[in-house]
Enquirer: 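Dropping a structure here in C-alpha cells format, bear with me for questions.
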Amino acid sequence: MSEERLVTQITPKSEDFSRWYVDLIRRAELADYAPMKGMMVIRPYGYAIWENIQRLLDKRIKDTGHINAYFPLFIPESFLRKEMEHLKGFAPEVAWVTHGGDDELEERLAVRPTSEAIIGYMYSKWIKSWRDLPVLINQWANVVRWEKVTRPFLRTTEFLWQEGHTAHASFEEAQAETLLILEMYREFVETELAIPVIYGQKTEREKFAGALATYAIEALMSDGKALQMGTSHNLGQHFARVFNIRFEDNNQDLQYAWQTSWGVSTRLIGALVMAHGDDSGLVFPPQVAPIQVVIVPISVGNWRETVLPVATEIKNNLKNAGLRVFLDDRAEYTPGWKFSEWEMRGVPLRLEIGPRDVKNNQVVACRRENQVKITLEITGLETKVKELLAEIQRAIFDKALSFQKENTYEVEDYKEFKSILEEKRGFIKAFWCGSEECEAKIKEETMATIRVIPHPQGEQKKGRCLYCQKPASIAAVFARSY
RNA sequence: CGGGGAGUGGCGCAGCCUGGUUAGCGCGCCUGCCUUGGGAGCAGGAGGUCGUCGGUUCAAAUCCGAUCUCCCCGACCA
C-alpha cells in the first residue's frame, strides 16, 4: 500500500490546518461558499450528517420529556430591548428587517439570533398556574448572527441548531434541567460523534448574555484548539421578570417562573471534521456517517457479469440489515480512484470485491480510521459488518480520547503555561482565584480563555492562582479556542 | 472592525511589474479506442464578457479608483 497522498487538491493537515479544513469541506462536498459574506450552502453530503445528528439527538430530547414546536423567525425590536443585558450581548450581530416590500416598518424586526425573547413573550401567555409547569419545548431552527469573522460550520452568518426553552416552578428544578441537558449533550457527542468532551460551568465573562449560569461541553480539535460544542443555560428568573412569566403556586402565591435554554448547532459538523480528519481526508464515526459502508467492485474482465451481481446482493443484504450503504458501480472510475475518493469522504468501512473474492466467497474490508484490511466471509456478512462498525466507532472515540489525554496538562507556573500554549496548545488545568482581572490578563497575554470550570469540582484541592499567585480554590481548564 | 494576501474555463495556477494579434498550462469534463486488486494510457474535442462597476488610453487580464467575495493574523461570539 502506497503512503503517498492521492487526493492532492487538499492541503496536508500538518502543513496548514485552516486550509486543510476548508479544502476538505469543499472537496468532500460537505459545503460550498454562497456568494454572500459568511454564508454557505450545506450540500447533500454535509446535510445528511445534520439529519443524522437531528435524528439521534431529537430522540434523546424527546426521551427526556421535551416536545418540539416552532416560533417565528422575526422578533420585534421592543422585545429584545426589554432585556438590556441580553440585547447588549447580541446587538452587534443582529440582522434587522426594516422594510416590508417598499414600506418602511413601524418597528424594526430582528432576525432571531436566538429565541429567548419571543419564547418568553409566548410563555407569559401560556403559563398561569403551577399546573402548567414545567414547559419543556425544543425547536429546530435557523438563526442569524452577523459575525465579523466566519468559517464554514464553525461560525457562519446563518446556522442551524436546536434550542430548548423550558420553564419550571423552582430554581432547583431549573438547575436540574440545565445539568440534565449538559449530561445529555455529553453523552450524545461522545456516543454518536465519538468526540470526548470536558464539561462544566462558564465564567461570568464567558456566560450567555442574560443567564444566571452557563454550562458547556468543550472538545479538543486535532490542532490543539478547543471548540465549544454545546451550551446549557440556567436563566434564573431573569427573562420571566422581563416578560412577566408568572404562575400561582399551590400556596396561592404569585411567582416568576424559572427558565433554562440550551442548544447545539451545525458547528458539530465542523467538530467532526477537525476532531477526526487526517491527511487522507474525513473520518466519520459510523453512527453519523452519511454512508457507513461503500462497496467497490473490482472491475476486471467481465466484472459486470461475475462481480456486480454478487456486489449488488451484498448491498441489498446490508441495506435490509439497516445500514447506510452505497455500491459504487461506476465504470468510468478505476477501483484505486474510488478507494481514495471514499477515504477522502470519510466512509468508515469499504468492502472491495473482485473475481478472486467471488470465487472464494469473501470480500476485502478496509477500515477508514486505521486503513487496515481484512478478509471477510460473504456468508453472515451483515453481522460481521455491524460488529466492525461498532468497533470502528469505539476506535475513533478512543483515538480522540488518547489525543485529549496526551494534550491535557496540569500546571501551576505561568511561564510553563505560556510555553505549553506556544508549543503544543491543548487543555491546561490550573487554579484560578476567581477574579475577572486575572482572567482578562491571561487572555490578553496568551490568547487562552477559561473554557470551563469542571463540574463537579471533585475533591476540593486548593492551590495558587495561575496569574496572581494568591490562594485559589477554583480548578479551571484553559485553552485557546475557536 | 484593524493588518496582510488573493479573485483569470469546474478545480489549481501562469500571464500583470514593462498595456499591443487568437489569454496559456496541469487536473477535471465530452467522444472513441484500450484498460481496471490503490487516483491507468493514447487520440480527438468542448469550455473564458480575466469577481463587479467606473476611469486613463488609439488599445486594459495588465495602469488607477471604488465595490463585492474568499483566505491568513489580531479585537468580539453556537
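Naming: A, B, ... by sequence-line order, numbering from 1 per chain. FYI, side chains are in, hydrogens and waters are out, and symmetry mates aren't considered; it's all heavy atoms of this structure. Every value quoted in this text rests on a predicted model; they were computed, and no experiment measured them.
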Enquirer: Could you give the distance separating B:rC53 and B:rU69 at their C1' atoms, to the nearest angstrom?
Expert: 15 Å

Enquirer: Mind checking if A:V364 touches a base, just sugar-phosphate, or nothing, with heavy atoms under 4.0 Å?
Expert: base

Enquirer: If only side-chain N and O atoms of A:R151 are considered, is one of them under 4.0 Å from the OP1 or OP2 phosphate oxygen of B:rC72?
Expert: yes

Enquirer: Between B:rC27 atom C1' and A:R27 atom CZ, what is the distance in whole Å?
Expert: 10 Å

Enquirer: Let's test this: given Watson-Crick or G-U wobble pairing with both distances under 3.5 Å, identify the partner of B:rC1.
Expert: B:rG74

Enquirer: Classify A:S299 by what it touches in the nucleic acid, base, sugar-phosphate, or nothing, heavy-atom distance under 4.0 Å.
Expert: base

Enquirer: For A:S261, which contact category applies under a 4.0 Å heavy-atom criterion: base, sugar-phosphate, or nothing?
Expert: nothing

Enquirer: By nearest heavy atom, map A:M36 and A:K207 onto RNA chain B; which one lands nearer the 5' end?
Expert: A:M36

Enquirer: Provide the distance between the two C1' atoms, one in B:rA61 and one in B:rA23, to the nearest whole Å.
Expert: 8 Å

Enquirer: A:R356 near the nucleic acid: base, sugar-phosphate alone, or nothing, with a heavy-atom cut-off under 4.0 Å?
Expert: base

Enquirer: Stacking between B:rA78 and A:W161, yes or no? Criterion: centroid separation under 5.5 angstrom, plane angle under 30 degrees.
Expert: no

Enquirer: Please state the P separation for the pair B:rG51 and B:rG10 - nearest whole angstrom.
Expert: 13 Å

Enquirer: For the side chain of A:Q228, starting at C-beta, report the closest nucleotide among B:rG12, B:rG37, B:rA78.
Expert: B:rA78

Enquirer: Would you say the base of B:rG38 and the side-chain of A:K373 have a donor-acceptor pair closer than 3.5 Å?
Expert: yes

Enquirer: So which nucleotide does B:rA23 pair with, by the Watson-Crick or G-U wobble rule with both distances under 3.5 Å?
Expert: none

Enquirer: Output the single nucleotide from B:rG37, B:rC29, B:rG38 whose closest atom is nearest the side chain of A:Y333.
Expert: B:rC29

Enquirer: Is A:K148 touching bases, backbone alone, or none of the nucleic acid, heavy atoms closer than 4.0 Å?
Expert: base

Enquirer: Grab the CE-C1' distance between A:M447 and B:rC76 for me, whole Å please.
Expert: 14 Å

Enquirer: Are side-chain N/O atoms of A:R267 and A:T156 paired as donor and acceptor at under 3.5 Å?
Expert: no

Enquirer: Taking B:rG38 as the reference, what is the distance to B:rG74 when you measure between their C1' atoms (whole Å, please)?
Expert: 43 Å

Enquirer: Is the NZ or CZ atom of A:R350 both under 6.0 Å from the centre of the six-membered ring of A:F339 and within 45° of that ring's axis?
Expert: yes

Enquirer: Tell me what A:D357 touches on the nucleic acid: a base, only sugar-phosphate, or nothing, going by heavy atoms under 4.0 Å.
Expert: base

Enquirer: Under 4.0 Å, heavy atoms only, any strand: does A:L268 hit a base, just the sugar-phosphate, or nothing?
Expert: nothing

Enquirer: Can you see if the side chain of A:K443 gets near the phosphate of B:rC76 - specifically, an N or O under 4.0 Å from OP1 or OP2?
Expert: yes

Enquirer: Using a 4.5 Å cut-off on heavy atoms from C-beta on, say whether the side chain of A:T266 contacts that of A:I42.
Expert: yes

Enquirer: Write down the distance separating the P atoms in B:rU62 and B:rG2, rounded off to the nearest Å.
Expert: 27 Å

Enquirer: Hey, does A:G270 reach any base, or is it just sugar-phosphate, or nothing, if we go heavy atoms under 4.0 Å?
Expert: nothing

Enquirer: With a cut-off of under 6.0 Å to the ring centre and 45° to the axis, is A:R112 in cation-pi contact with A:F74?
Expert: no

Enquirer: Have a look at A:G354 and say if it touches a base, only the backbone sugar-phosphate, or nothing, with a 4.0 Å heavy-atom cut-off.
Expert: base

Enquirer: For B:rG51, does either OP1 or OP2 sit under 4.0 Å from a side-chain N or O belonging to A:Y33?
Expert: no

Enquirer: Please confirm whether the shortest side-chain N or O distance from A:S340 to OP1 or OP2 of B:rG38 is below 4.0 Å.
Expert: no

Enquirer: Counting only N and O atoms by type, is there a donor-acceptor contact under 3.5 Å from the side chain of A:T64 to the main-chain atoms of A:I61?
Expert: yes

Enquirer: What is the nucleic acid contact for A:V149, judged by heavy atoms within less than 4.0 Å: base, sugar-phosphate only, or nothing?
Expert: base

Enquirer: Is there a Watson-Crick or G-U wobble partner for B:rC42 with both distances under 3.5 Å, and if so, which one is it?
Expert: B:rG32

Enquirer: Is there a donor-acceptor pair closer than 3.5 Å between any side-chain N or O of A:D279 and the backbone N or O of A:K13?
Expert: yes

Enquirer: What's the CD-P distance between A:E93 and B:rC76, to the nearest Å?
Expert: 13 Å

Enquirer: Just the rounded figure in Å: distance from P of B:rA78 to CZ of A:R155.
Expert: 8 Å

Enquirer: Round to the nearest Å and state the distance from A:E206 atom CD to B:rC77 atom C1'.
Expert: 9 Å

Enquirer: Can you name the closest pair of heavy atoms from A:A479 and A:R451 and give their distance?
Expert: CB-CG, 3.7 Å

Enquirer: Nearest-Å distance, CD (A:E352) to C1' (B:rU36)?
Expert: 13 Å

Enquirer: When the P atoms of B:rA59 and B:rG32 are considered, how many whole Å apart are they?
Expert: 48 Å

Enquirer: Could you measure between the two C1' atoms, the one in B:rG7 and the one in B:rU21, and give it in whole Å?
Expert: 27 Å

Enquirer: Between B:rA46 and B:rG28, how far is it from one C1' atom to the other, in whole Å?
Expert: 13 Å

Enquirer: For A:I353 and A:F90, take the nucleotide of RNA chain B holding the closest heavy atom to each; which residue's nucleotide lies nearer the 5' end?
Expert: A:I353

Enquirer: Of all the choices, B:rU36, B:rC77, B:rG38, which nucleotide is nearest to the side chain of A:I298 once you look at every atom?
Expert: B:rU36

Enquirer: Considering only B:rA78, B:rG38, B:rG37, which nucleotide approaches the side chain of A:F339 most closely?
Expert: B:rG38

Enquirer: Rounding to a whole Å, what distance do you find between A:M344:CE and B:rG38:C1'?
Expert: 15 Å

Enquirer: From CZ of A:R480 over to P of B:rC73, roughly how many Å is that when rounded to an integer?
Expert: 11 Å

Enquirer: B:rC53 pairs with which nucleotide, Watson-Crick or G-U wobble, both distances below 3.5 Å?
Expert: B:rG65

Enquirer: Kindly indicate whether the side chain of A:N138, heavy atoms from C-beta on, has any atom under 4.5 Å from the side chain of A:W262.
Expert: yes

Enquirer: Answer yes or no on whether A:K225 is positioned over the face of A:Y482, meaning its NZ or CZ is under 6.0 Å from the six-membered ring centre and within 45° of the axis.
Expert: yes

Enquirer: Can a side chain N or O of A:T334 be found less than 4.0 Å away from OP1 or OP2 on B:rA40?
Expert: yes

